[in-house]
2 protein chains.
Amino acid sequence: MRKPAAQQLQDYLAGQGLKSTHQRDEILAVFVSAGRHLSVEELYELMKKEHPRIGYATVYRTMKLFAQAGLAEELRFDDGFTRYEYKASDGHHDHLICTRCGRIIEFENDRIEELQESVAKKNRFLAQSHKLEIYGLCGDCRGKRAKKE
Amino acid sequence: MRKPAAQQLQDYLAGQGLKSTHQRDEILAVFVSAGRHLSVEELYELMKKEHPRIGYATVYRTMKLFAQAGLAEELRFDDGFTRYEYKASDGHHDHLICTRCGRIIEFENDRIEELQESVAKKNRFLAQSHKLEIYGLCGDCRGKRAKKE
DNA sequence: ATCATATTGATTTCGATTATCAATATCACC
DNA sequence: GGTGATATTGATAATCGAAATCAATATGAT
């Protein structure tokens, strides 16, 4: 079972002596319901629709906060800017990224995780985290012929 | 057998109708001999010692050129800036990155590569490239107690 | 309700990278 | 070996996402 996101946020704020604000609640609601892999820019645009007074900086700050609270994970793909994904309680997963349409697909593979662990051990490394990204063409895009560009 | 880097550069330049310059030759020599995983900043500092007249922008431009020529690979780890590694002809490899001292260790694991391919296939993806980074503490750093910070 | 303090929002700053542009170097051709 | 068209260089400004600043405001303990 998963603690509701809103509750998890309140617990974190209380535990850290931080304050509960409308902005934080609203950003969380939009972030969670919007689906995943949102850039700050995208999230800011979504926020503006419902809460036009929200500031750009607040969205940045709040997403960093969510990351620290364990509510969100920071993703940095090759296109330069940071995305956040809502962190469900189920295990770690990695990403397939379509280089044409930008679609992002999640996957998990326990065997790969194990092999990574063994690679770390072999090199006397204590693994803390990892990142596996596979770039390529998604099913929809591989069919299409390359657009003129 | 590997074509010498200098020769590979000349071939690429000729093939593209580009010009061979001292700067490009010198940057390549320093880059190749310096070892691997150099940030542009680091490479620029190395260059200045032997060729103080080199410009910052030239180093940036030239590394991009080397990447296109297949001489270098662009690496973007989580610390924000781009590094380049000399691209040997042997196969793809991935990286273990120490989060304390910054050390970078290369590894390759064919089994992981195969599994990635099968994950791609399972999702109807045509894999073009991938990136696997394992962050953690290297052998030297895991022993040490956390420094006060 | 009061007040110390955390937070917000508008804005500026930062830091890595890229674009601009006049001066210069390269190279194909004579 | 000169000449000229053009690619390249180097100094600098511009860019862009992200982070810092700071006065005004909201929060929550008392």
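Note that this is a predicted model, so its numbers are computed, not measured. In what follows, chains are A, B, ... by sequence order, proteins preceding strands, each numbered from 1.
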J.: Nearest whole angstrom, please: distance from the P of D:dA19 to the CG of A:L65.
T.: 13 Å

J.: In terms of relative ring orientation, are B:Y56 and B:Y44 parallel, tilted or perpendicular, with 30° and 60° separating the classes?
T.: tilted

J.: Does the side chain of A:I112 reach to within under 4.5 Å of the side chain of A:L132, using non-hydrogen atoms?
T.: yes

J.: Pairs under 3.5 angstrom, nitrogen or oxygen only, protein versus nucleotides 25-27 of chain D, please.
T.:
{"from": "D:dT27", "atom 1": "OP1", "to": "A:H22", "atom 2": "ND1", "distance (Å)": "3.4"}
{"from": "D:dT27", "atom 1": "O3'", "to": "A:S20", "atom 2": "O", "distance (Å)": "3.4"}
{"from": "D:dT27", "atom 1": "O2", "to": "A:K19", "atom 2": "NZ", "distance (Å)": "2.8"}

J.: For the pair made of CZ in A:F81 and P in D:dG17, what is the distance, rounded to whole Å?
T.: 8 Å

J.: Cut-off 3.5 Å, side chains only: do B:H93 and B:E85 have a donor facing an acceptor?
T.: yes

J.: Answer yes if the side chains of B:E106 and B:H37 hold a donor-acceptor pair under 3.5 Å, and no otherwise.
T.: yes

J.: Charged N to carboxylate O under 4.0 angstrom, B:E74 versus B:R83?
T.: no

J.: Base, sugar-phosphate, or nothing for B:R61, non-hydrogen atoms under 4.0 angstrom?
T.: base

J.: Taking atom types as modelled, is there a side-chain donor on B:T99 or A:Q128 under 3.5 Å from an acceptor on the other?
T.: yes

J.: Look at A:D140 together with A:R100 and state whether they make a salt bridge at an N to O cut-off of under 4.0 Å.
T.: no

J.: If only atom types and distance count, is the side chain of B:T58 paired as donor or acceptor with the main-chain N or O of B:I54 below 3.5 Å?
T.: no

J.: For B:R24, answer base if it contacts any base atom (sugar-phosphate contacts may also be present), sugar-phosphate if it contacts only those atoms, and nothing otherwise; contact means non-hydrogen atoms under 4.0 Å.
T.: sugar-phosphate

J.: In whole angstrom, give the distance that lies between atom OH of B:Y44 and atom C1' of D:dA11.
T.: 10 Å

J.: Map A:Y60 and A:Q10 onto DNA chain D by nearest heavy atom, then report which one ends up closer to the 5' terminus.
T.: A:Y60

J.: Applying side-chain hydrogen bond (donor to acceptor under 3.5 Å, both in side chains) to A:H92 and A:H130, what does each step give before you reach the verdict?
T.: CA-CA 9 Å; A:H92 177 80; A:H130 66 260; 3.1 Å; yes

J.: Scan side-chain atoms only and decide if B:Q116 and A:N109 contain a donor-acceptor pair under the 3.5 Å cut-off.
T.: no

J.: How about B:Q68 and B:K64: do any of their side-chain heavy atoms sit closer than 4.5 Å?
T.: no

J.: Which angle, to the nearest 10 degrees, lies between the helix axes at the two ends of the helix from C:dA1-D:dT30 to C:dC30-D:dG1, each defined by five pairs?
T.: 30°

J.: What range of DNA chain C does chain A touch, first nucleotide to last, counting atoms under 4.0 Å from its heavy atoms?
T.: C:dT5 to C:dA10

J.: How many Å lie between CE on B:M47 and C1' on D:dG10, as a whole number?
T.: 13 Å

J.: Could you check B:L18 against B:E41 and say which one's nearest nucleotide on DNA chain C is further toward the 5' end?
T.: B:E41

J.: Given that A:G55 and B:V40 both sit by DNA chain C, which one's nearest nucleotide is further toward the 5' end?
T.: A:G55

